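Notes follow once the structure below has been shown.
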There are 2 protein chains.
Amino acid sequence: MSGAAYAIGDLARQTGTKVETIRWYERDGIMPAPVRTAGGHRVYTQAHLDRLAFIRHARELGFPLEDVRELLRLADKPERPCAEADAIARVHLEAVRSRIARLQALEAELVRMVAACGHGRVAECRVIEVLADQSHAHCLHDGHGGTGL
Amino acid sequence: MSGAAYAIGDLARQTGTKVETIRWYERDGIMPAPVRTAGGHRVYTQAHLDRLAFIRHARELGFPLEDVRELLRLADKPERPCAEADAIARVHLEAVRSRIARLQALEAELVRMVAACGHGRVAECRVIEVLADQSHAHCLHDGHGGTGL
DNA sequence: CTTGAACCTATAGTGACTATAGGTGCCATC
DNA sequence: GATGGCACCTATAGTCACTATAGGTTCAAG
């Protein structure tokens with residue numbers, strides 16, 4: 001119960017990470033250096049496994065490592081006064097929601113395309129319009145309506 | 001109507017892209033080379049603007065450029081028989097849905113944290129458990145339940 | 001006609017890995 | 001207890017998708 005021990009390859013398999021990447025995370029500092037065997041092999045704990053799984057998921061979702069570091073600091077110190085943690089959480093929340101919205105727009109268009117494909121042709125593909133749409137971009141105003149990708 | 005013309009800086013401003021990145025996209029081939037002025041300055045059309053906006057959104061959503069290229073080919077040839085386009089669309093659809101699901105889990109947890117922050121402390125932060133959760137990972141079975149970062 | 005912001009090319013640097021080379025440890029099997 | 005071979009080690013170089021810098025040219029506003 002106290003001591004699940006993993007080799008680097010176990011961690012790699014369980015999280016779908018390359019062994020090299022795990023070692024790189026250690027050099028980077030985002031993963032703590034584990035204990036070593038006499039021969040120098042790394043020996044990981046359950047905590048390492050959890051942390052690595054978290055990092056990988058966050059990266060897959062597109063958070064830069066720097067943000068992941070921040071989220072980890074947040075998780076590391078649950079007794080910290082709220083101001084900063086709240087700010088971090090809020091910023092990420094907004095980013096997450098924006099991503100969800102745009103992914104849902106893309107999802108809808110892909111569904112439409114796959115459905116249209118049932119009829120033998122790609123039909124007019126609007127994937128580009130869906131994502132090129134300025135509604136989520138910074139500036140812009142007019143909305144011209146053209147198709148020509 | 002036929003001829004909106006943009007300098008590279010206009011495209012950059014309108015899409016939130018760095019000028020260097022646009023030139024890089026051209027060298028890369030994902031953006032077609034525009035007409036030049038006598039002095040060598042690039043002159044873009046509305047089509048360029050749309051395509052760039054699409055590329056940027058797709059990249060923000062985490063698609064590698066190679067996938068973006070594929071989606072663009074899909075959009076470029078709407079008369080193409082369906083098999084390949086359908087396959088591409090389906091694969092991306094699955095990827096998109098998986099992303100949405102995980103982002104929503106993260107969103108829920110961030111909401112919970114921000115709410116808890118109202119009471120002065122970060123409370124138990126479960127951001128890590130939420131994302132470290134193996135439910136979306138490749139292999140794995142047991143689910144131990146520990147918290148340790 | 002000047003001035004300076006915006007453009008040009010070319011090259012080097014960054015973040016986050018990924019691959020390769022060359023060597024060592026571990027342990028199951030003989 | 002020797003040994004075969006796979007997993008591990010370090011170090012370095014390469015990749016992708018940019019981003020920054022240096023050093024020079026163009027163009028449009030005044």
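Below, all heavy atoms of this structure are taken into account, side chains as well, without hydrogens, waters or symmetry copies. Chain identifiers are assigned alphabetically (A, B, ...) following the order of the sequence lines, protein sequences preceding nucleic acid strands; residue numbering begins at 1 within each chain. Predicted, not measured: the structure shown is a model, and the values here were computed from it.
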Q) Tell me: CD of A/Glu26 to P of D/dC8, nearest whole Å? A) 14 Å
Q: Take the protein atom CH2 of A/Trp24 and the nucleotide atom P of D/dT15, then report the distance between them rounded to whole Å.
A: 18 Å
**Q.** Gap between atoms CD1 and P, on B/Ile8 and D/dT19 respectively (whole Å)
**A.** 14 Å
Side-chain donor-acceptor pairs of residues 3-12 of chain B under 3.5 Å, sequence neighbours excluded:
residue	atom	partner	partner atom	Å
B/Tyr6	OH	B/Gln46	OE1	2.7
B/Asp10	OD1	B/Arg13	NH2	2.9
B/Asp10	OD2	B/Ala7	N	3.0

Q) Is any side-chain nitrogen or oxygen of A/Arg42 closer than 4.0 Å to OP1 or OP2 of D/dC8? A) no
Q | side chain to side chain donor-acceptor pair (under 3.5 Å) partners of B/Arg59, counting only residues at least two apart | A | none
Please write out the pairs of protein N or O atoms and N or O atoms of nucleotides 24-30 of chain D separated by less than 3.5 Å, giving the distance to one decimal.
residue	atom	partner	partner atom	Å
D/dC27	OP1	B/Thr37	OG1	2.8
D/dC27	OP1	B/Gly39	N	3.2

Q: Using whole Å, report how far CG of B/Asp28 lies from P of D/dC18.
A: 9 Å
Q. Who are the salt bridge (Lys or Arg N to Asp or Glu O under 4.0 Å) partners of A/Arg56, not counting sequence neighbours?
A. none
Q | A/Val96 versus B/Leu103, closest heavy-atom pair with distance | A | CG1-O, 3.4 Å
Q) Whole-Å distance between D/dA7 C1' and A/Arg36 CZ? A) 14 Å
Q | Flag side-chain contact, heavy atom, 4.5 Å: B/Ile55 against B/Thr17 | A | no
Q: Quick one: list whatever passes side-chain contact (heavy atoms from CB on, under 4.5 Å) with A/Arg27, sequence neighbours left out.
A: A/Trp24
Q: For A/Arg23, answer base if it contacts any base atom (sugar-phosphate contacts may also be present), sugar-phosphate if it contacts only those atoms, and nothing otherwise; contact means non-hydrogen atoms under 4.0 Å.
A: base
Q.
Test of understanding: with ring-ring contact (aromatic ring centres under 6.0 Å, His included), list the residues that count as partners of A/Tyr44, not counting sequence neighbours.
A. A/His48
Q. Start at the 5' end of DNA chain C and walk down; is the nucleotide closest to A/Tyr25 or to B/Val19 reached first?
A. B/Val19
Q) What residues, two or more places apart in sequence or in another chain, satisfy salt bridge (Lys or Arg N to Asp or Glu O under 4.0 Å) together with B/Glu26? A) B/Arg36, B/Arg42
Q.
Between A/Arg69 and A/Asp28, is there a side-chain heavy-atom distance shorter than 4.5 Å?
A. yes
**Q.** Distance in Å, A/Ile30 CD1 paired with A/Phe54 CZ, rounded so as to fall on 0.5 Å steps
**A.** 8.5 Å
(Q) The criterion is side-chain contact (heavy atoms from CB on, under 4.5 Å); which residues satisfy it with A/Arg97, sequence neighbours excluded? (A) A/Leu93, B/Glu107, B/Val111
(Q) Please report the distance, rounded to the nearest Å, between CZ in B/Arg69 and C1' in D/dA17. (A) 10 Å
Q | Range on DNA chain C touched by chain A, heavy atoms, distance below 4.0 Å | A | C/dA16 to C/dC26
Q) Taking the nucleotide of DNA chain D with the closest heavy atom to each, which residue, B/Glu20 or B/Glu66, is nearer the 5' end? A) B/Glu66
**Q.** Terminal axis angle for the helix from C/dC1-D/dG30 to C/dC30-D/dG1, five pairs an end, nearest 10 degrees
**A.** 10°
Q: Considering just the side-chain nitrogens and oxygens of B/Thr21, establish if one lies under 4.0 Å of OP1 or OP2 belonging to D/dC18.
A: no
